[in-house]
Amino acid sequence: MDDALDGFPAFGFRPGSEVKQPYRLYLPEKLPAEFTLVATFKPTSHRTSYLFAVLNPFETVVQLGIRISDGLGTNQNVSLIYTNSDQHSDSEEVAKFAVPKLTKKWSKIVIRVSLTDVTLYLNCYEMARQRVTRIPLELVFDTASTLYIAQAGPHIQEKYDVSL
């Protein structure tokens, strides 16, 4: 456990933590064409990793996820991973945004996905918008897909040191 914003409790994840569940406990069978992802988190390192990831049954492709990676200078990157694992054998980054370093402070990100754009909000301010082409618009997860928190499974070695 960790202390979050406004004195609320948060879960602390360290490298080596493994939190996974069947994706159907939290997500629909089919992700609609327009959706929004929200996360409040405090990373404790600059390490590249996932806030969450839904992996295909072989745990080799991220079907949906938010990835935080090191950027240029004083920036980090926030990426939306959105992959039709029936058509692609590698995870597809559909949008990538540069933001100021997020390490050691609480941040709230909102990723809003519309039919043609992906918009990133950081701490309630619109940071950037990118035009994207997603195929398919409605992402259908495999029934055996797995949701990982603060990592992307055993084969994609990007585990987070973060509070969520």
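These values consider heavy atoms only, across backbone and side chains, with no hydrogens, waters or symmetry-generated copies.
Contact annotation: the side chain of L55 never approaches that of K20 to less than 4.5 Å [non-hydrogen atoms, C-beta and beyond]. Residues S89 and T60 have side chains not in contact (no heavy-atom distance under 4.5 Å, counting atoms from C-beta outward). The closest side-chain heavy-atom distance from P100 to M127 is below 4.5 Å. Counting only heavy atoms from C-beta outward, the side chains of L80 and L37 approach each other to under 4.5 Å. The shortest side-chain heavy-atom distance between V113 and Y82 does not fall under the 4.5 Å cut-off. Side-chain contact between R67 and K96 is absent, with no heavy-atom pair separated by less than 4.5 Å. By the 4.5 Å heavy-atom criterion applied to side chains, N84 and I135 are not counted as neighbours. Side-chain contact between E59 and Y148 is present, with heavy atoms from C-beta onward closer than 4.5 Å.
Of the possible polar contacts, none joining the D117 side chain to the Q130 backbone as a donor-acceptor pair under 3.5 Å is found. The main-chain N or O of N75 is found under 3.5 Å from a side-chain atom of K101 such that the two form a donor-acceptor pair. A donor-acceptor pair is defined here as one N or O able to donate and one able to accept, closer than 3.5 Å; no such pair exists between the side chain of S69 and the backbone of T48.
No continuous path of hydrophobic side-chain contacts links V110 to Y26 [ILVMFWY only; heavy atoms under 4.5 Å]. In the hydrophobic clustering of this structure, V118 groups with V99; members are Ile, Leu, Val, Met, Phe, Trp, Tyr whose side-chain heavy atoms approach within less than 4.5 Å, directly or through other members. Note on V140: it does not cluster hydrophobically with V54, by side-chain heavy-atom contacts below 4.5 Å among ILVMFWY residues. Clustering ILVMFWY residues whenever any of their side-chain heavy atoms sit less than 4.5 angstrom apart, transitively, puts L139 in a cluster other than the one holding F58.
In terms of heavy atoms, A152 sits closest to V62 at CB-CG2, 4.2 Å. For the residue pair R134 and F35, the shortest heavy atom distance occurs at NH1-CE2, 3.9 Å. Residues I109 and L51 come closest through the heavy atom pair CD1-CD1, 3.9 Å. Pairing each heavy atom of A128 with each of F97, the nearest pair is CB-CD2, 3.6 Å. Nearest approach of A39 to F41, heavy atoms of both residues: O-CD2, 3.9 Å. Scanning all heavy atoms of the two residues, the minimum distance from I149 to F52 falls at CD1-CB, 4.3 Å.
Rounded to the nearest 0.5 Å, atoms CZ (R24) and CG (L147) are 12.5 Å apart. Atoms CG and CG, from D86 and D142 in turn, are 7.0 Å apart once rounded to the nearest 0.5 Å. Summarising the geometry, atom CG belonging to L120 is positioned 14.5 Å from atom OH belonging to Y125; distances are rounded to the nearest 0.5 Å. Between the OG atom in S79 and the CD1 atom in I111 there is a gap of 8.5 Å [rounded to 0.5 Å]. Between I81 atom CD1 and S91 atom OG the span is 6.5 Å, to the nearest 0.5 Å. Atoms CG and OG, from D70 and S49 in turn, are 10.5 Å apart once rounded to the nearest 0.5 Å.
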Original post:
Does the pair L64 and Y23 meet the rule for a side-chain contact (heavy atoms from CB on, under 4.5 Å), with working shown?
Top reply: CA-CA 11 Å; L64 178 69; Y23 86 96; over 6 Å; no

Original post:
Please walk me through it: do L122 and L102 pass side-chain contact (heavy atoms from CB on, under 4.5 Å)?
Top reply: CA-CA 10 Å; L122 177 61; L102 304 170; 4.0 Å; yes

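Annotation: L25, atom CG; neighbour count of heavy atoms from other residues, nucleotides and ligands within 6.0 Å is above 12. Within a 6.0 Å sphere centred on NZ of K108, heavy atoms belonging to other residues, nucleotides or ligands number 12 at most.
Other members of the hydrophobic cluster containing L137, listed by chain and number, are L115; membership follows side-chain contacts under 4.5 Å among ILVMFWY residues, whether direct or relayed.
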